There are 2 protein chains.
Amino acid sequence: MDIRDVAALARVSIATVSRTINHVPTVDPALAARVWKAVNELNYLPNTQARALVSGHSRLIGLIVSEITNPFFPELIQEFEQAAVSRGYEVLIGSTNYEPKIMEICARRMLERKVDGVAVMTFGVEEFFLDRFAAEGIPYVFIDPAPSRPMSSVLAVDYLAGISEGVQHLAVLGHRNIAFISGPLIRRSSLSRKEAFLRCLHSIGLKPNPDWLIEGDHTLDGGRDAMKKILALPHWPSAVMCSNDMTAIGVQHALFDANLRIPDDFSLIGYDDIHLAEYTIPPLTTIRMSCRDLAIQAMENLLYHGHPKARSAQTLNDAAHSAAAPSQPFAKPDEPFATISTRLIVRRTTGLPHNALQDLRQAGPTKKMPPPSRRPSRPRGSIKP
Amino acid sequence: MDIRDVAALARVSIATVSRTINHVPTVDPALAARVWKAVNELNYLPNTQARALVSGHSRLIGLIVSEITNPFFPELIQEFEQAAVSRGYEVLIGSTNYEPKIMEICARRMLERKVDGVAVMTFGVEEFFLDRFAAEGIPYVFIDPAPSRPMSSVLAVDYLAGISEGVQHLAVLGHRNIAFISGPLIRRSSLSRKEAFLRCLHSIGLKPNPDWLIEGDHTLDGGRDAMKKILALPHWPSAVMCSNDMTAIGVQHALFDANLRIPDDFSLIGYDDIHLAEYTIPPLTTIRMSCRDLAIQAMENLLYHGHPKARSAQTLNDAAHSAAAPSQPFAKPDEPFATISTRLIVRRTTGLPHNALQDLRQAGPTKKMPPPSRRPSRPRGSIKP
DNA sequence: CCGGCCGACGTAAACGTTTTCTTCCGTTCA
DNA sequence: TGAACGGAAGAAAACGTTTACGTCGGCCGG
């Protein structure tokens, strides 16, 4: 069943059918009605391959992530899928698992399928595989601030805002000794987060202790190892900020293993606000980067870059069945590249610093607490200030 | 740059180029060499849309999952992606979020893109949207044992094996009172797991206590609520099996909230062995269903169903660059639909039952323990049998 | 009242492949 | 030696659209 059947049933030419389903405004309403009737009667769906072949646009968007099993990415993928589908696009997902060879295969897959754009959310460095996209005139966006290249653009994440909120939150609670576990510093986004942290520290008059600036690798194990390093130091910070949530969860494990409590012994802040952060024990205070903003910005960026007038294109679905109406506001054409906002989500891993708690305990009316020890036992049941 | 450029450079017809890159064996080796040389020189990639249009095969496989942010699915997606790419296919992912309306949109997307097959991994009931696939002659597979339909097949998961291992593991430890938190019983896979549990119980001479058979919903919150119900009962089981890992993690939270220890107070077994199970506190004993088996079986099933001879098709990539060679063994054509195996992964959430521990404590040489209470305090630091 | 113009619809070409059919050449057998 | 056959390469049709172009009709202005 193809466009010819529809044309025959509606007693028009195939050109008119094509124009109708593409919402060309010059079609006579009476004819259009006949066409739509035929379309619905036959349950006609246009052949996307043929469309793509002749129009030159596949309406396919590539999304390359570094590790789909890292909980941050599924949430991004979900938003991305919605952003794409609501605009009549389909998403091709590639997961590189940090391996350059797989990255190359991903790039090849995207090229073969003639994607209309690629979003590279890989926090990675293997960017040279992407030169081919520029050569083919395929736009692509980075989240990592990479050197500018033809056809590419970079999503502006406002790392500072959220981290600043976090540092100030800790400062208000009384923390002066704050550690930071970064991601791999070879990645620019990791570096950006670390620099934002240092700048915040400076801006409130605190000096960073180099011992408390650990380089992690954005994995749970990396976070655990980093925290173990900190615990091996003679002097401890009272709070730890992490470059992502998986690192923070690793820190939670390290503290659990060391029989230390959160937030009584250490305050902890993550980054990303992955779904899971809400469900750790205790729930993780963290900085949220809006996946939705990120996905929408990436999509708009790609579409705008490629075809300035193609935005808000309607699909057959939208018109015929009024399904999947874009629920998110579109960025204005004139200023399409807003920054992606971040903000602090306060949960249960931040509290008063240890020494403040000591004071409270000693001042407490009911009972005298044991002297603070490096390895306090776990008398659960609330010392609430 | 298209096939004509290659043909011109290699001084052959486009038909010969086509035959060469498709590995038609009748091509003269000398000509083939010229063609491959031209292909590499020009960095030629065939246009997938054109290929699909004329051949009728999009080399696109749909994968519909219920919730991409549920950690089980990214792991499945990863395996699926690999299984597909290594066979020269691309994956189109749709996440329904349990909403029938989105399921319908997913189905429509897949139909529009003319997928060669659909894997429905949604554990869901909205199957009637899929009739259209049968009507279009598109094969699809279920993981949920659904009533057989034309063009559809069902993946045979050996639920019994893993659950049996789990129950026996508990029995050997001395557990006689085992609860089971199921998934929504409207889903057949949930029902299968529950029935497998009951059968195992019966086979080792244990009787199920109806109070300890709770229906959950496969979410963390559902697991927490279910465990709270159990804790509200006058008599407690000594071990809990869960229908999936998220439920088990919810149970961990409930027990943490109730100040109870795992595995000292309760043993716990999950199901799925999601990535995260390894990193919960303590690491979760669980039953692994091989995502890889599942993905490979689904792919083979779809390809076999559609085109018995199409299996192990070679792609341009494979031949020209010898990339992405399938590392997994292919199922034999004669018996393509093996069952998907499950097995127990023992970690740290299973141990001797409470009363056995009591005995051990009382018999212990060093010190006398306080009498067992319903809400033991948390003296961390090792009562090791 | 007639000519030109504009707008709507249909015809046909184009998109880049695969695949069928045809052609041509070489080989083999009568 | 010639005819039939087989195999390999080229010519051309086909896939289902979009879109440039042509055509026809109607309307408006001269």
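Predicted, not measured: the structure shown is a model, and the values here were computed from it. Chain letters run A, B, ... following the sequence lines, proteins first and then strands; every chain starts at 1.
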* **A:His57 NE2 to C:dG16 P, straight-line distance once rounded to whole Å** => 13 Å
* Got a sec, which pairs hit salt bridge (Lys or Arg N to Asp or Glu O under 4.0 Å) with one end in residues 3-26 of chain A, sequence neighbours left out? -> A:Asp2-A:Arg4
* Structure fact -> From CG of B:Leu53 across to P of D:dC15 the rounded distance in Å is 9 Å
* To do: Indicate yes or no for a side-chain donor-acceptor contact from B:Asn47 to the backbone of B:Gln49 under 3.5 Å, with no hydrogens or angles considered.
  => yes
* Side chain proximity check, A:Ile61 to A:Leu92, heavy atoms < 4.5 angstrom -> no
* To do: Give a yes or no on whether a salt bridge exists between B:Arg109 and A:Glu90, defined as a side-chain N under 4.0 angstrom from a carboxylate O.
  => yes
Would you tabulate the pairs of protein nitrogen or oxygen atoms and nucleotide nitrogen or oxygen atoms of nucleotides 23-26 of chain C closer than 3.5 angstrom?
none

* **Distance below 4.0 Å between A:Ser55 side-chain N/O and D:dT18 OP1 or OP2** => no
* Side-chain donor-acceptor pair under 3.5 Å between A:Thr20 and A:Asn22, yes or no? -> no
* Nearest-angstrom distance from the residue atom CG of A:Asp2 to P of D:dG16 -> 5 Å
* Asked: Among C:dT19, D:dT17, C:dT17, which is the nearest nucleotide to the side chain of B:Asn47?
  -> C:dT17
* Take nucleotides 4-12 of chain C nucleotide by nucleotide from the 5' end and write B, S or -, depending on whether a protein heavy atom sits under 4.0 Å from the base, only from the sugar-phosphate, or from neither. => ----SBBB-
* To do: Check the distance between D:dT18's C1' and A:Asn22's CG and give it to me in whole angstrom.
  => 8 Å
* Structure fact -> Here the distance between atom P of D:dG16 and atom CZ of B:Arg113, to the nearest Å, is 17 Å
* Electrostatic pair B:Arg108:B:Glu112 at N-O distance under 4.0 angstrom -> no
* Test side-chain contact (heavy atoms from CB on, under 4.5 Å) applied to B:Ile296 and B:Gln82, B:Glu79, B:Arg87, the passing residue -> B:Arg87
* Can you check the B:Asp5 CG to C:dT17 C1' distance for me, whole Å? -> 14 Å
* Asked: So, are A:Glu136 and A:Lys114 salt-bridged, with charged N and O less than 4.0 Å apart?
  -> no
* Provide, to the nearest angstrom, the distance between the CD1 atom belonging to B:Ile3 and the P atom belonging to D:dA12. => 17 Å
* Asked: Do any side-chain nitrogens or oxygens of B:Tyr44 fall under 4.0 Å of OP1 or OP2 in C:dT17?
  -> yes
* To do: Rounded off to whole Å, could you give me the CZ-to-P distance for the B:Arg4 and D:dA12 pair?
  => 14 Å
* B:Gly117 versus B:Leu302, closest heavy-atom pair with distance -> C-CD1, 4.1 Å
